[in-house]
Every structure is written in structure tokens, then in C-alpha cells.
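Values below: all heavy atoms of this structure, side chains included; hydrogens, waters and symmetry mates excluded.
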Amino acid sequence: MLKEIYELGKSIKDENNRFEPREILGYIILNESGNLIDNKYFFEEVKKKDKIIVPKFQQRLTASNVAQLLVEKVAVIFDSSNKKYNCYKSYMEDIKDLSLELKAIYTFLYEIYPLNKLEYDNLFKKYFTIDSKKTPFISFRVNDKYIEDTTEWRDYFDKKYIDYEDKLNTEMDSKVYSCITNKLINPISVSDQVRINGVTSSTGDSIVCFDKDAFQSYGLKNALNAPMSIEESKQLKKGFEKILSKPNYSSRFKMSHWYSGEVPTDEDIINIATGDFDDFSFFLDFQKKTDKKDKEFDDKKDKSINDFLETFCTKDFKDINSSSDILDLNFYTLRYVPCTGRMSLSGFKKGSIRDIYVNVQTFYEDSSLIGFNGNIYRLSNYWRLYYHLLRNKNATDKNKQIDSELGRNFDNFFYAILYNNQLPRDYFIRAIENIEKTMIRGEKPSITLYQFLKIYLKREERKKGENFLMSELNENYNNPAYLCGRLLRVYEYIQLKSNNFNSLNVDVTKRYFSACSKTPARILSIINDLGIYHLSKYNSYYDKKLLDDIYSKFEGPIPEKLDKNERALFMMGYYQQGQAIFNTSKKTEESEDTVEETKENNNLDKGEN
């Protein structure tokens, strides 16, 4: 796998690897003769945090006595006692004749400035001091041209860059065979490791942690366990960052091998790790074995797997032919931990595509709910779910906030889908809390949260061999918590109806939803008195009968308190009763419109006759 990522890195242009964004103080402005353009307005400041793209050499080189090209610290450019001064001067001597702008900078630095040092140092004090230990980076502008934006110096820089790379390689002591290309190379040292951005933390992470004592085996230590050259590590960095730049990838890698039969015993890492072995040399051949394609694998089957995973990861899950060959394929997955460069047995999973197919279908079916427009909705947008589970939805970077609040359970959530396990309890509690908070604000919670509760509750039902929660209201479900939720929704409807469906500042749901979902017996007695009052404002046999029917389903007293699972059932009863009322009212209105239309048509027919 590393070789493929290395090849991907090689295919990407190297230029970005040789340049970096840098914060600079500003530009000294010169004319073509090399003089300051104006003794008063000779410096263009750059806003703080605004960065420009500048050429860069290796950190290991510049840490000693190698200067950067063109854009450097004030002391390196002007202070002849600085250890990098001569290096910078040699660059300018080499490139001074390449353009008028470069010639102007050289003339100013090494002919005009030395003759007027005291005068210019005094002018510079307004912006920077040359003798300061922590001097800022600056650059040059000749008339309207910023020197780093010109092109004449680039061939020189490319050659210098390669020379320094070769110098680094020849300075290293020992040569070994690369674990990537199998060529004889000087292995990278701890100080020269490149960091992959987008992994583990904001600063990225190393390809492997060579400096950790635990990273050693076969009597080898540090870099010799996975030897690669500086150049190879850079190509790996580019390859990894290219993969990580795609939206469907995250820092939580999974490595998988696919088999068209059972996992061979000698390739089953769990079996190997827990077995009684005296000789572990078989690990040397493990990668060769797993790199080889199964004989029964072909390009068509590879494409089928890719299509299947693409559908699962990025779209609503689609039915696939139950006789499809890919359903009988087995998978074997290990978790990859970037910060240690190791596979983790704790993330080990295996199974078949058929298992995934059945379990994902079950997940989508469990999430199905009838919406208030009469359509069925299934939970397929996980990022929308993550957003609605957040406690802090006002964060500027929503993705970062999702990762911070919910990230530790990402794996558990997806494993729950793939292996038909229970969903993370933390997500379940968040869904309850966010529905409650939304209700208190007088707003309507997203159907996504109700879908999540339904999936969780359906999995609890299966443990007991029950099957009551449906995609719509189940009038035969006599669970007390479910019935209490239904009652609150009916009382809300009665209050709104008695007020001719005009909006209310505080309705019974906004005032009592939270308390009713925790202590229903006490709160429903209060709401019932309000309901009798509201019913007295209009005559509705249907609404009275609906209340009586729900109360008659209680097989005991109304519960004094509800636990978390019962509160979720309360919320499901509330949602599904509301959906039932809405759709019943809609059908009644449509029926009444049809009757009126029929009467009107009959009258027209009589008139025509």
C-alpha cells in the first residue's frame, strides 16, 4: 500500500513542496538603479497574518548556516556578522545578472547600503532594527514588481534545491534498502521526518514515530524498522495529503483485505497474535501474501465492491441483487493508528458483504418514519444527524465541533450500523436532550432526531422479542410512556383548535413538555384540567373520543417518573400522534372539498339539464 501512495505522491508536481506560506513584515521599495524609491515612503508593510508564498530549503539545512533565497530575516540580509549573511550574499551574486530587478537589489545591498549604513539604519528604525535577535522576515519590491513573483531566479533555486538534497543524502552514515522502493538509500533521521497534515491534530503527524522506544523489532531501532529516504518520505506525504484532501476520507484510517473465501489461517492476524508461536518470521512474508490478489478476484468483482462502498458511503443505500457475487465476499479490517504507525487489534472486524447488506437494510428500515407530508423518510445523511446531535451548534467551524463533541463515537456508530449493534448511548442521550431543548424554545425538532430514537428503541425491542414501533402511529401499542406522549400531543391540538389555530405565545407543549416527559402523572393531571376547559369552547366528538381511547389503553396508573428509554418512547408517541392528527385533518379537509365539489358539479349538471 505504501508503494502505491508513494507513486501517487510522485505523480503530483513537486513545486508546492518547495514553497511555503510565510508571514513577513513588508517590502523595501527600490527603483531600477538600486536606490530607495523615496526616503519617506520606502517601505510597504504587510498586514499581520497575511502570508506570501516564498521559496524554502530543508529545515535541517536552514537550522545551520544555510539561508533561504530572496525572503529572509533582516539580520541575515544586512548584518555581516550573522552566520548566514555570506550564504545569502552568495545567492545574490549568482542571480544578480538574471534580471534588472535582481541587479537592483544586489546593487542596493552590497554597493549603496554599505556606503550609507548609518543613514539607512536610522531610516529602518521606524520599521525594524538590524541588531535585534528576533528580526522579522522582509522582501523587496522594485518599482511595481514583487521579487518573489518574478520568474528569473526559479531555475537557479531548483538547481540549488536538488544540490542541497544530494548533500543531505551523502552526509548520512549508513545505507540500507528502502522499505518502499527496495533501493539502497540513506535512511531518514528523526529530525528530518515530514509531517502529514490532516491527521490526528492540527499540526499533523509523522509517517511513523521513529523516536519512540516501542517502535523496534528484530533488534532494529528507530528508522531502521521502516527505512526510507528523505525524498521518499516527501512523496509519501504528498500522496497521503492528496488522499486526505478528498471529502469522504477522515483521519480514522481502516485497512482492509478482501477475500472470496474464508480468511486463510496463516493470514488471520488475530489467530497469529493469540497463538503459541516460537518463530515470528512469518510476519516477513505476510505483506507479500496479502498484497497478492485472490485467484478468484477479477477486475469486475473489484468494481462491484467499489460501487457497493461508494453507494453506502455517499448516497442513499440502494438495493442490490441478492444473488450478486459480491454478497459472498468476506472482509477483514484492522484499525490503523497514524501516531504510532501500527495496526490496532482492538479495531479488528471481519464478516461478509451479505452481513453488511442485511444489517444496513435493517438500519434504514428501523429509521423509517412518516413525515407530516405523508412521505416515508429514512436516515441516510449522517452529517445532518451529527449536526442535530451537537450541544453547541453556533461554532464557526461545524466540522471541527462535530469532531470534538462526537468524534470518539464515530467508529462505534458505524460499527453499530454494519454489525447491527446498539447505537452509542451518548448519541441517544443527546437526541433526547436536543428534542427537549427545541420544544422548550417553541420550535419543532428535526425528524432526524426522532429517526435516531426509533432505531435505538427498535434495537431494544429486539432484545425482548418485541415489535411495536412502526414508521407511523401504532394505536395498539400500550406502553405507558408512549401513551403519555400521545396524550400531550392531543391536548396541544385541542388547545390550538379552541383558539382557531392562531399562534400562542406559550402553548401546553412549550410549557410542559420537559416536565411531562419526566413526571407524566403529575403534569397530565394539570393538562387534563386545561383540556376540559379548551374542549368546552367547541364541540368535537372525535377529540373527546380520541382522549378516551388513549386513556383506556393504560393497564395501570399513569407513571410517576420515566427513565431515559421511557422518555424516548414518550417523544416517539408525541411525534407519531402529531403526524397522525395532521394527516387525518388533511384527509378530512380533502374529503370535505371533494363533497363540496361533487355537490357543485351535481348542481351544474342539473342546470345544464
Side-chain angles (χ1 to χ4, degrees), residues 363 366-367 369 371-372 377 379 381-414 416-417 421-461 469 479-489 491-492 506-524 527 559-579:
F363 174 84
D366 285 350
S367 73
L369 275 180
F372 279 69
Y377 292 93
L379 180 56
N381 189 325
Y382 306 128
W383 285 101
R384 182 182 298 158
L385 169 66
Y386 293 150
Y387 171 75
H388 286 295
L389 290 175
L390 287 177
R391 291 192 173 110
N392 176 18
K393 293 188 176 69
N394 297 322
T396 304
D397 189 335
K398 297 294 189 295
N399 287 340
K400 187 175 180 180
Q401 189 64 26
I402 286 170
D403 193 63
S404 173
E405 288 193 32
L406 308 172
R408 64 190 179 93
N409 272 314
F410 282 165
D411 285 352
N412 294 334
F413 176 60
F414 278 101
I417 298 172
N421 300 329
Q422 186 52 284
L423 302 175
R425 183 74 174 175
D426 175 61
Y427 288 8
F428 175 68
I429 292 171
R430 284 170 177 271
I432 293 173
E433 290 174 351
N434 286 356
I435 288 175
E436 180 183 347
K437 289 175 184 176
T438 307
M439 286 294 191
I440 292 171
R441 293 196 302 268
E443 301 169 4
K444 298 301 180 187
S446 167
I447 190 176
T448 304
L449 294 174
Y450 290 112
Q451 288 172 316
F452 185 87
L453 292 187
K454 180 170 177 273
I455 300 166
Y456 190 97
L457 294 169
K458 286 294 292 181
R459 297 186 180 207
E460 291 296 301
E461 278 189 347
L469 277 177
N479 181 282
Y482 187 76
L483 294 174
C484 289
R486 291 184 61 191
L487 283 173
L488 178 62
R489 189 64 178 87
Y491 281 122
E492 178 192 340
V506 181
D507 58 31
V508 292
T509 296
K510 185 175 180 179
R511 175 172 292 172
Y512 294 112
F513 184 89
S514 177
C516 194
S517 69
K518 296 171 185 173
T519 55
R522 181 174 65 86
I523 301 302
L524 282 173
I527 296 175
E560 294 291 334
K561 292 183 178 180
L562 299 180
D563 61 24
K564 283 287 194 297
N565 284 27
E566 290 168 334
R567 289 184 69 194
L569 280 168
F570 174 95
M571 292 173 181
M572 291 306 304
Y574 174 87
Y575 172 83
Q576 292 190 325
Q577 183 63 63
Q579 180 271 325

Just how far is it from atom [atom1] of [X] to atom [atom2] of [Y], taken to the nearest 0.5 Å?
X: I417; Y: L423; atom1: CD1; atom2: CG; value: 7.5 Å
X: T519; Y: L524; atom1: OG1; atom2: CG; value: 9.0 Å
X: D563; Y: L569; atom1: CG; atom2: CG; value: 9.0 Å
X: Q577; Y: L487; atom1: CD; atom2: CG; value: 8.5 Å
X: Y427; Y: N412; atom1: OH; atom2: CG; value: 8.0 Å
X: K518; Y: E566; atom1: NZ; atom2: CD; value: 14.5 Å

Minimum heavy-atom separation for [X] and [Y], please, with both atom names.
X: L379; Y: S367; result: N-OG, 2.8 Å
X: L562; Y: A481; result: CD2-CB, 4.0 Å
X: R459; Y: F363; result: NH2-CD1, 3.5 Å
X: N434; Y: K393; result: ND2-NZ, 3.7 Å
X: F452; Y: A431; result: CD2-CB, 4.1 Å
X: L389; Y: E405; result: O-OE1, 4.5 Å

State, with a plain yes or no, whether a side-chain heavy atom of [X] is found less than 4.5 Å away from one of [Y].
X: M439; Y: S514; value: no
X: Y482; Y: L469; value: yes
X: R408; Y: D426; value: yes
X: I435; Y: L453; value: yes
X: P445; Y: Y575; value: no
X: I402; Y: W383; value: yes

ring-ring contact (aromatic ring centres under 6.0 Å, His included) against Y574, all qualifying residues, sequence neighbours excluded: F513
Charged N-O contact under 4.0 Å between E433 and R430: no
Side chain to side chain contact (heavy atoms under 4.5 Å, CB included) evaluation trace for F372 with I447: CA-CA 10 Å; F372 279 69; I447 190 176; over 6 Å; no
Audit row: Y512, Y491, ring pair (Phe, Tyr, Trp, His ring centres under 6.0 Å) steps and yes/no: CA-CA 11 Å; Y512 294 112; Y491 281 122; over 10 Å; no
Derivation and outcome, side chain to side chain contact (heavy atoms under 4.5 Å, CB included), residues R486 and Q576: CA-CA 8 Å; R486 291 184 61 191; Q576 292 190 325; over 6 Å; no
Residue that, paired with Y456, satisfies side-chain hydrogen bond (donor to acceptor under 3.5 Å, both in side chains) out of Q451, R425, E461: R425
Stepwise ring pair (Phe, Tyr, Trp, His ring centres under 6.0 Å) check, Y386 with F410: CA-CA 10 Å; Y386 293 150; F410 282 165; 4.9 Å; yes
Worked verdict on Q579 versus L369 for side chain to side chain contact (heavy atoms under 4.5 Å, CB included): CA-CA 10 Å; Q579 180 271 325; L369 275 180; over 6 Å; no
Is the count of non-hydrogen atoms from other residues, nucleotides or ligands lying under 6.0 Å from [X] atom [atom1] greater than 12?
X: R384; atom1: CZ; value: no
X: K444; atom1: NZ; value: yes
X: K437; atom1: NZ; value: yes

Worked verdict on E436 versus R567 for side chain to side chain contact (heavy atoms under 4.5 Å, CB included): CA-CA 10 Å; E436 180 183 347; R567 289 184 69 194; 2.5 Å; yes
Any donor-acceptor pair under 3.5 Å from S404 side chain to K400 backbone: no
